[in-house]
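Notes to accompany the following structure.
Note that the structure is a prediction, hence the values are computed from the model and not measured. Read the numbers this way: they start at 1 and go in the same order the structure lists the ligands and their atoms.
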Amino acid sequence: MSESNTRIAIYPGTFDPITNGHLDIIMRAAPLFDRVIVTLALNSDKDPLFSVEERMEMMRRTVKDFPHVEAAKFSGLAVDFAHREKANVIIRGLRAVSDFEFEFQMALMNRKQRPEIDTVYLMPDERYTYLSSSIVKEVARHGGNAEAFVPPFVLDLMREKYGK
Ligand code: COA
């Protein structure tokens, strides 16, 4: 397949930590593209619990069984990273109507920057529509059961962080 026919997508996020909801999106995206780059946004406004290396390691372990999915990081604009990687799609998960307004705004601003790059929205399984990294951390911080929401090695790391 020539490079111009290769379907490359990036899936950006803060991944603090990566959850089963993110994994669900990755599983849906993997068969749709030739290459999927799950990528950590370094200049997120958030104040993450996990370091960049810890998050990268969790992302790498989460994607390791998908042959053409990889983990990466970027700073700056997601569309510029996509352009550098020759990706023409940004993947985002859409969990509920409440996600829509921000996503709509971001997709149109991204299109303004680089019209050749489109945003593709995937809906996670309904089990994950109420998930967020913050809510999972909140449960883990208070010693609750977060087992159903994150991969086992992420659960171990969260327990370690919170001493639970
Ligand atoms: N399952 C579970 N949770 C999910 C989810 C899913 N499928 N999809 C999103 N979430 C959660 C995330 O865990 C996150 O939770 P948190 O707020 O508690 O941390 C929340 O929903 C929002 O996540 P997400 O929508 O992925 O946004 P983000 O804040 O992690 O990342 C960037 C946003 C990084 C993609 C975006 O800011 C970006 O691209 N930044 C780079 C600069 C740029 O290009 N900006 C855009 C200019 S228009």
Side-chain angles (χ1 to χ4, degrees), residues 8-33 36-52 54-56 58-59 61-63 66 69-85 87-142 144-152 154-155 157-158 161-162:
I8 304 174
I10 69 162
Y11 178 30
T14 311
F15 303 115
D16 185 47
I18 195 160
T19 68
N20 287 343
H22 296 120
L23 175 58
D24 185 274
I25 298 291
I26 294 166
M27 285 166 71
R28 287 169 202 281
L32 303 177
F33 298 95
V36 175
I37 308 168
V38 180
T39 188
L40 184 63
L42 295 174
N43 52 345
S44 153
D45 291 338
K46 294 178 179 174
D47 182 19
L49 171 70
F50 292 100
S51 71
V52 169
E54 286 170 328
R55 283 180 285 156
M56 285 296 298
M58 289 187 270
M59 288 157 63
R61 288 185 70 174
T62 303
V63 306
F66 297 90
V69 181
E70 65 206 76
K73 57 182 187 246
F74 74 102
S75 49
L77 292 177
V79 280
D80 291 339
F81 176 75
H83 176 77
R84 287 198 295 279
E85 294 296 326
N88 44 14
V89 166
I90 296 178
I91 295 164
R92 298 286 294 161
L94 210 49
R95 292 163 299 170
V97 176
S98 50
D99 282 343
F100 180 78
E101 205 167 329
F102 173 65
E103 290 297 334
F104 187 65
Q105 195 182 13
M106 197 156 66
L108 294 185
M109 181 54 85
N110 281 336
R111 181 181 285 167
K112 205 80 187 156
Q113 306 298 315
R114 291 203 181 261
E116 72 281 12
I117 297 173
D118 259 312
T119 307
V120 168
Y121 292 96
L122 296 172
M123 275 157 225
D125 189 281
E126 57 268 27
R127 278 176 298 168
Y128 305 127
T129 48
Y130 61 94
L131 265 199
S132 73
S133 298
S134 302
I135 207 163
V136 172
K137 283 182 284 190
E138 175 90 3
V139 170
R141 185 156 57 96
H142 296 291
N145 184 0
E147 213 175 297
F149 311 126
V150 289
V154 173
L155 190 66
L157 270 169
M158 278 199 303
K161 281 269 178 208
Y162 292 125

Considering Asn43, Thr14, Asn110, which one's heavy-atom position lies nearest to atom 31 (O) of ligand 1? Thr14
Do side-chain atoms of [X] reach the backbone of [Y] as a donor and acceptor pair under 3.5 angstrom?
X: Arg141; Y: Met158; answer: no
X: Asp16; Y: Arg55; answer: no
X: Arg95; Y: Tyr128; answer: no
X: Tyr121; Y: Glu103; answer: yes

Does even one non-hydrogen atom of Gln113 get within less than 4.0 Å of ligand 1? no
Please determine whether any non-hydrogen atom of Ser133 lies less than 4.0 Å from an atom of ligand 1. yes
At what distance is the nearest protein heavy atom to [atom], and which residue and atom is it?
atom: atom 18 (O) of ligand 1; answer: Ser134 OG, 2.3 Å
atom: atom 3 (N) of ligand 1; answer: Leu131 O, 3.3 Å
atom: atom 34 (C) of ligand 1; answer: Ala41 CB, 3.2 Å
atom: atom 7 (N) of ligand 1; answer: Gly21 O, 3.2 Å
atom: atom 5 (C) of ligand 1; answer: Arg95 CD, 3.6 Å
atom: atom 25 (O) of ligand 1; answer: Arg92 NH2, 2.5 Å
atom: atom 12 (C) of ligand 1; answer: His22 NE2, 3.7 Å

Drop me the distance from [X]'s [atom1] to [Y]'s [atom2], to the nearest 0.5 angstrom.
X: Lys137; Y: Phe50; atom1: NZ; atom2: CZ; answer: 7.5 Å
X: Leu94; Y: Thr119; atom1: CG; atom2: OG1; answer: 11.0 Å
X: Thr14; Y: Leu40; atom1: OG1; atom2: CG; answer: 7.5 Å

Angle between ring planes, Phe100 versus Phe104, binned at 30° and 60°: parallel, tilted or perpendicular? parallel
Just jot down the ligand 1 atoms closer than 4.0 angstrom to any heavy atom of [X], in number order.
X: Ala78; result: 39 (O), 43 (C), 44 (O)
X: Leu77; result: 43 (C), 44 (O)
X: Lys46; result: 14 (C), 16 (P), 17 (O), 19 (O), 22 (C), 28 (P), 29 (O), 30 (O)
X: Thr19; result: 1 (N), 2 (C)
X: Gly76; result: 41 (C), 42 (C)
X: Met109; result: 48 (S)
X: Ile25; result: 7 (N)
X: Met106; result: 46 (C), 48 (S)

Give a yes or no on whether atom 38 (C) of ligand 1 lies under 4.0 Å from any heavy atom of the protein. no
Under 4.0 angstrom from atom 10 (N) of ligand 1, is there any protein heavy atom? yes
Counting only heavy atoms not in [X] (residues, nucleotides, ligands), do more than 12 fall under 6.0 Å from its [atom1]?
X: Lys73; atom1: NZ; result: no
X: Met27; atom1: CE; result: no
X: Glu101; atom1: CD; result: no

Salt bridge flag under 4.0 Å for residues Arg28 and Asp24: yes
